[in-house]
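Below you'll find the structure, written out as structure tokens, and then a few comments.
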Amino acid sequence: MSGFELKFRMFSKLCTEDYLIRNANKGLYKRSLKELDNGLTVQYIWNEASVSCQLSDGTHCSLENTLDHWECSCPADNICKHILISILYYQREHQTEDTLNQGEAASSAQLEPESGLVTESRFRWMVESDLAPLIKSYSSSLIEEILFRLRYPEQIEVLEDSLLTVRLVKQEIEVSFTEEASLAKALCKVKQTAGNISKLEALLRYRMQQGLDDTEAISGRVHDTTFSLQTVRECRSMLADLLKTGLARLPQSYMAQLETLAIAAHSGYLPDVERSLRGIQGELQLFFNRHVRFSMQSVLDRVSKLYLALQVLEQEKVSAFKQSQLIGSFRSKYYTVPELHLYGLGADAWETRSGYRGITYYFYCFDDAEIYTYSDVRAVYYEDNQFSYTEHYGSFTPWLPNLTFRQFAGEEIQFRSVKVNEEHRLSSGEGAKLTLLPRTSVEELNLGKYMQDIPSVLAEDARSFELFSVPKERLAMIKVARIVEHRFEKQSQDLILTMESDHGETLDLTLPYSTEWETMIKRLESGYGTGTLEHFYAFVRIEQQRIYPISFLKGPTVISLKLDTGYGRTGRVGRL
């Protein structure tokens, strides 16, 4: 037997039915078997690095010990039935001989149990190879998406025969790897970019199952930061002047300087700097208007954080990853998540001091025990831009044409193929499929870390401040026995609802007054609908040692305080 024939024989043993079907297709494979059963034969001429195959139907083929290189006299552009027939005929001709050889090998193994000879897996490259050359063709955006997807649990099933197949169970995607260390040679029915993502995701999840974590190793390919250093210096200089001058002597013309620098920050690709400047601008507007809600501490916090970030950017001594955290992005990147099971917690209407209005819808996710949000936001710092809370809350969702956002806020839902960003915000983009589920009573839920008692909510937040991290809303679900008091504080323009727990502990919930919520404030202040409200849950946001209620929940019902009690939904709170 020639050297190449031995190689080809080993190759033919690896050509299982699954392997050949994946490289060709099932119909072609079955036609090849049928022609062999009808008497088609093949003659082989062994060359130094190939074999010439003469089929009895007059077709000529040339094969190597791989399906990457072949030739056939027929006009097919892809693997044809003649290639499959040449391999399958050889397998049939040598099947008896191979069976005898396997029997002899088994007998030898029984006679020499202590030999210690172990055949190494042909797929050891999947855990031992350096990832750098494997992902060389992948763009930073693709790698970033794959790293994001790895945060979500995904069951995998592994089958090893002639190929090593990794099945991503939730996504119903299979990727089959050959013994050659190459992602390009992996087989996946999903084509183009989505297929390339599935190949690398399957490899990384397989490596994770084997105890390897590659996130740090490949994250360096993701972050590429460019920004205007001149704008950074101008912003820091202006903030330094503010700190030296002080608020008492600050001219109102300073507001125009902030606006100019915010525009420069936008042009200089400094999105978070722009947002921070507009936030400071909003705080100073309260100061110049002598507004009761102006807070010196809030201004100092905003200025200090931005000044420190600018100083770090100006020094250019931190990694690209940390720079990207300080710079931020104009638009969040959203990535497809196969499946999310969400429970509606209510909605909150808001307006920022930097000139944005919107409604945020909150959901608890059963898959990763985190809170997800969907926000409908508009910039209103330009004169012509308006945002009607009533109109948007009553409009229809983009996922189901007959589902309003008012209903959406209180549903239990299942999303498939929905896009999500780093902050767990849902996208309204196309492709997501939404299914309504029977809503579970809130009393039956386990909300994990978000379920807190009154002492834990009142305890001082001991989390350390980190410059290189996105500040997260502090949210909690609190079990309440009853509302024991409601009062309006004229000095601060806040409505205070005092809650009591089953253990007699009390907690003040703050609802700031504004003309938008005048109806809601008056109803709650008068006690309308809340006097008989007992044994319910309050979903709240904790901010600067104040607790702001978002919604009340009882059984399957959820009431968003601002939106459901502020626009004529008479008595709904009392029927929780």
Side-chain angles (χ1 to χ4, degrees), residues 342-348 360 362-366 368-373 409-410 412 439-464 472-489 491-492 494-513 517 520-521 523-565 571-576:
L342 304 175
Y343 185 87
L345 300 176
D348 191 27
T360 296
Y362 293 87
F363 295 86
Y364 179 77
C365 179
F366 294 100
D368 60 2
E370 294 290 349
I371 286 181
Y372 284 66
T373 62
E412 183 171 341
R439 184 170 171 87
T440 309
S441 294
V442 67
E443 293 81 3
E444 300 175 23
L445 296 183
N446 176 14
L447 297 181
K449 63 184 178 182
Y450 294 103
M451 185 65 73
Q452 298 183 27
D453 54 19
I454 289 179
S456 65
V457 170
L458 292 173
E460 184 179 353
D461 188 4
R463 294 175 298 173
S464 60
K472 294 183 179 179
E473 279 188 307
R474 189 181 171 198
L475 302 165
M477 184 74 78
I478 307 166
K479 189 175 182 180
V480 178
R482 62 193 60 85
I483 300 174
V484 295
E485 184 185 2
H486 38 80
R487 66 186 186 276
F488 187 78
E489 296 187 349
Q491 184 177 2
S492 62
D494 291 331
L495 174 66
I496 308 297
L497 299 177
T498 302
M499 307 291 181
E500 184 180 75
S501 71
D502 290 327
H503 303 291
E505 302 146 334
T506 59
L507 179 71
D508 287 344
L509 304 183
T510 302
L511 284 160
Y513 174 83
W517 317 121
M520 178 266 295
I521 293 289
R523 285 178 177 172
L524 295 178
E525 184 184 6
S526 66
Y528 185 82
T530 62
T532 58
L533 185 56
E534 293 186 343
H535 303 293
F536 62 98
Y537 288 83
F539 180 55
V540 303
R541 180 176 64 256
I542 305 162
E543 185 179 310
Q544 296 180 350
Q545 300 181 336
R546 286 189 172 191
I547 295 92
Y548 299 95
I550 297 172
S551 59
F552 291 163
L553 301 93
K554 186 173 183 177
T557 307
V558 55
I559 300 300
S560 302
L561 292 182
K562 290 181 180 177
L563 296 160
D564 287 332
T565 63
R572 176 74 181 273
V573 172
R575 295 202 298 271
L576 264 176

- Task: Might you point out which heavy atoms bring L509 and A538 nearest each other, and give the distance in Å?
- Result: CD1-CB, 4.5 Å
Do [X] and [Y] come close enough that some side-chain heavy atom pair is under 4.5 Å?
X: L342; Y: C365; value: yes
X: I542; Y: V457; value: yes
X: T506; Y: E485; value: no
X: I454; Y: E500; value: no
X: E505; Y: L458; value: no
X: V540; Y: L475; value: no
X: F536; Y: I483; value: yes
X: V558; Y: R439; value: yes

When rounded to the nearest 0.5 angstrom, what is the spacing between [atom1] in [X] and [atom2] in [Y]?
X: D348; Y: L563; atom1: CG; atom2: CG; answer: 7.5 Å
X: L511; Y: H486; atom1: CG; atom2: NE2; answer: 12.5 Å
X: L497; Y: I547; atom1: CG; atom2: CD1; answer: 12.0 Å
X: I478; Y: M499; atom1: CD1; atom2: CE; answer: 8.5 Å

- Message: Given F552, which partner from the list T557, L561, D564 fulfils the side-chain contact (heavy atoms from CB on, under 4.5 Å) test?
- Response: L561
Answer yes or no: is there a donor N or O on one side and an acceptor on the other, between the side chain of [X] and the main chain of [Y], under 3.5 Å?
X: K479; Y: M451; answer: no
X: D368; Y: E370; answer: yes
X: S441; Y: E443; answer: no
X: E412; Y: T440; answer: yes
X: E543; Y: R474; answer: no
X: S551; Y: L345; answer: yes

- Item | Pair F366-Y364, ring-ring contact (aromatic ring centres under 6.0 Å, His included): steps then yes or no | CA-CA 6 Å; F366 294 100; Y364 179 77; 5.7 Å; yes
- Query: Step by step, would you call F539 with I371 a side-chain contact (heavy atoms from CB on, under 4.5 Å)?
  - Reply: CA-CA 12 Å; F539 180 55; I371 286 181; 3.9 Å; yes
- Evaluation steps, side-chain contact (heavy atoms from CB on, under 4.5 Å), between R546 and D494: CA-CA 11 Å; R546 286 189 172 191; D494 291 331; 2.9 Å; yes
